[in-house]
Student: 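My questions all concern the structure below.
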Number of protein chains: 2
Amino acid sequence: MLSVSTSPYHHGDLRNALLRSARALLERSGEADLSLRSVARDAGVSSAAPYRHFADKDELLAALAAMGYRELTERFGSMPATDGALTDLVEGFLAFAEAEPGLFRLMFSYPCTRGDKEPARAGRAALEALQHQLPGFSEEALTGAWALGHGLAALIVHNQLSPGDDRREYVAAIIKAAAKASS
Amino acid sequence: MLSVSTSPYHHGDLRNALLRSARALLERSGEADLSLRSVARDAGVSSAAPYRHFADKDELLAALAAMGYRELTERFGSMPATDGALTDLVEGFLAFAEAEPGLFRLMFSYPCTRGDKEPARAGRAALEALQHQLPGFSEEALTGAWALGHGLAALIVHNQLSPGDDRREYVAAIIKAAAKASS
DNA sequence: TCGGCAATGTGAGCGTTGTCCACATTCTAA
DNA sequence: TTAGAATGTGGACAACGCTCACATTGCCGA
């Protein structure tokens, strides 16, 4: 056969291709329109193919969420442990949520009623990694910063809050105000 | 006719009945299994009936989320404006999320890309109501407490954190630690 | 009082989805 | 080389969101 580029029967790296497609579709069309079939279409395979790599749709989403947590951890990994680290931590959440709101929403709304699911583990791992990376801060302080970052980012992603021009300054102001009010 | 209790053709209060059914199913089976058809079944009507009261499924969920925000506001409405108000505020989130995790998740994961949707408005309204109820605190402090409450509750709902026996003390410790670390 | 219209409910049906199945193709190790 | 594991296909099924034409009921003006 001289046919130039008939796609081979076996894809070669379908699992990652599906994750990439899903991630792109998530940002482009939103979670509601993210069907397994559309992911398969985007990756150029049949609608049954994904089941060779993920038990069900949920498992694909879980892998995507876990991927997000790992990248969030990396982002924090390159953070200096200075005095403003907690502000940087919160600000990092906002930057992440702004860059990929779809993935952010998926990560933090994934229903993990059973604690053994992958995203829950990945989330805990991210929190624990943070404790290693910033040993100067107490566990409570880091948990608080994590929660504050998540909460602020969620408010912004959901259009209930819009920080001004300087996001970092805004975050610092909120932390300072809350700290003063609760002292 | 002597038939004792044939349900009448017209329900009478179907809209609220649907909301009640949806809310119950949300807690019992989770959001993934919450179909408009199952809500209709639970309310004892045909699967097309809900469309006389909600434009689509999304609108029902939006109404449910808005309802949640109103109840959250009420909860905070009866809060004394003492020194520990911010801790109470955060703790209120945790209590709400614990009581109805399904509704909590729906409220805070509802995709409001367009800012004019009802839940986004209800969320903003709740935040603004808080500023009226606790005039002694700055807007930044209240926003921070709101975000921290949301974030901590999400961590707990998603099984990534389990506070000890005394939740309020735990919250206070986190606020104090974060405040100290960022001072 | 009655007649008609708006409001509200029904059942059937369309297109899409998640998932499974039997089968086809390719890769790999013995 | 060849058997079996891995990976892909097309077709099917039930459930879903949603729409339509039609049925039933409540209510208001003549």
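Chain letters run A, B, ... following the sequence lines, proteins first, then strands; residues in each count from 1.
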Student: I'd like to know if the side chain of B:Arg28 reaches the main chain of B:Arg23, judged simply by a donor and an acceptor atom lying under 3.5 Å from each other, with no hydrogens or angles considered.
Tutor: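 Checked: no pair found.
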Student: With the side chain of B:Lys57 defined as its heavy atoms from C-beta on, choose the nearest nucleotide among D:dC18, D:dG8, C:dC20.
Tutor: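 So the nucleotide nearest the side chain must be D:dC18.
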Student: Round to a whole Å and report the spacing from OH of A:Tyr51 to P of C:dC23.
Tutor: 21 Å
Student: State yes or no: are the ring centers of B:Tyr69 and B:Phe108 separated by less than 6.0 Å?
Tutor: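 Under 6.0 Å, so yes.
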Student: To the nearest angstrom, how far is B:Asp33 atom CG from C:dT17 atom C1'?
Tutor: 14 Å
Student: Classify B:Ser38 by what it touches in the nucleic acid, base, sugar-phosphate, or nothing, heavy-atom distance under 4.0 Å.
Tutor: nothing
Student: In whole angstrom, give the distance that lies between atom CG of A:Leu34 and atom P of C:dT16.
Tutor: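 Interatomic distance, CG of A:Leu34 to P of C:dT16: 17 Å.
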Student: Strictly below 4.0 Å: does A:Arg41 bring a side-chain N or O up to OP1 or OP2 of C:dT17?
Tutor: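 Yes, because at least one side-chain N or O of A:Arg41 sits under 4.0 Å from OP1 or OP2 of C:dT17.
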Student: For B:Tyr170, which residues count as a ring-ring contact (aromatic ring centres under 6.0 Å, His included) partner, sequence neighbours excluded?
Tutor: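 B:Tyr170 satisfies ring-ring contact (aromatic ring centres under 6.0 Å, His included) with no other residue.
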Student: How many whole angstroms separate atom CG of A:Asp13 from atom C1' of C:dC27?
Tutor: 16 Å
Student: Quick one: A:Arg52 CZ to C:dT19 C1', roughly how many Å, whole number?
Tutor: 12 Å
Student: A:Ser35 side chain N/O closer than 4.0 Å to the phosphate oxygens (OP1, OP2) of C:dT17?
Tutor: yes
Student: Would you say the side-chain atoms of B:Lys180 pair up with the backbone N or O of B:Ile175, donor to acceptor, closer than 3.5 Å?
Tutor: no
Student: Let me know the distance between CG of A:Leu18 and P of D:dT7, rounded to the nearest Å.
Tutor: 12 Å
Student: Can you tell me the distance, in whole Å, between the CZ atom of A:Arg15 and the P atom of D:dA6?
Tutor: 15 Å
Student: Below 4.0 angstrom from OP1 or OP2 of D:dG8, is there any side-chain N or O of A:His53?
Tutor: yes
Student: For B:Glu91, is there an ion pair with B:Arg167 - N to carboxylate O distance below 4.0 angstrom?
Tutor: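 Result for this pair is yes, salt bridge flagged.
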Student: Counting side-chain heavy atoms from CB outward, which of D:dG11, D:dC16, D:dA12 is closest to B:Arg37?
Tutor: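 Among the listed nucleotides, the one closest to the side chain of B:Arg37 is D:dC16.
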Student: Please tell me if A:Ser46 has a side-chain N or O lying less than 4.0 Å from either OP1 or OP2 of D:dG10.
Tutor: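 No, no such contact exists.
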Student: Atom CG of B:Leu36 and atom C1' of D:dT19: how far apart are they, to the nearest Å?
Tutor: 13 Å
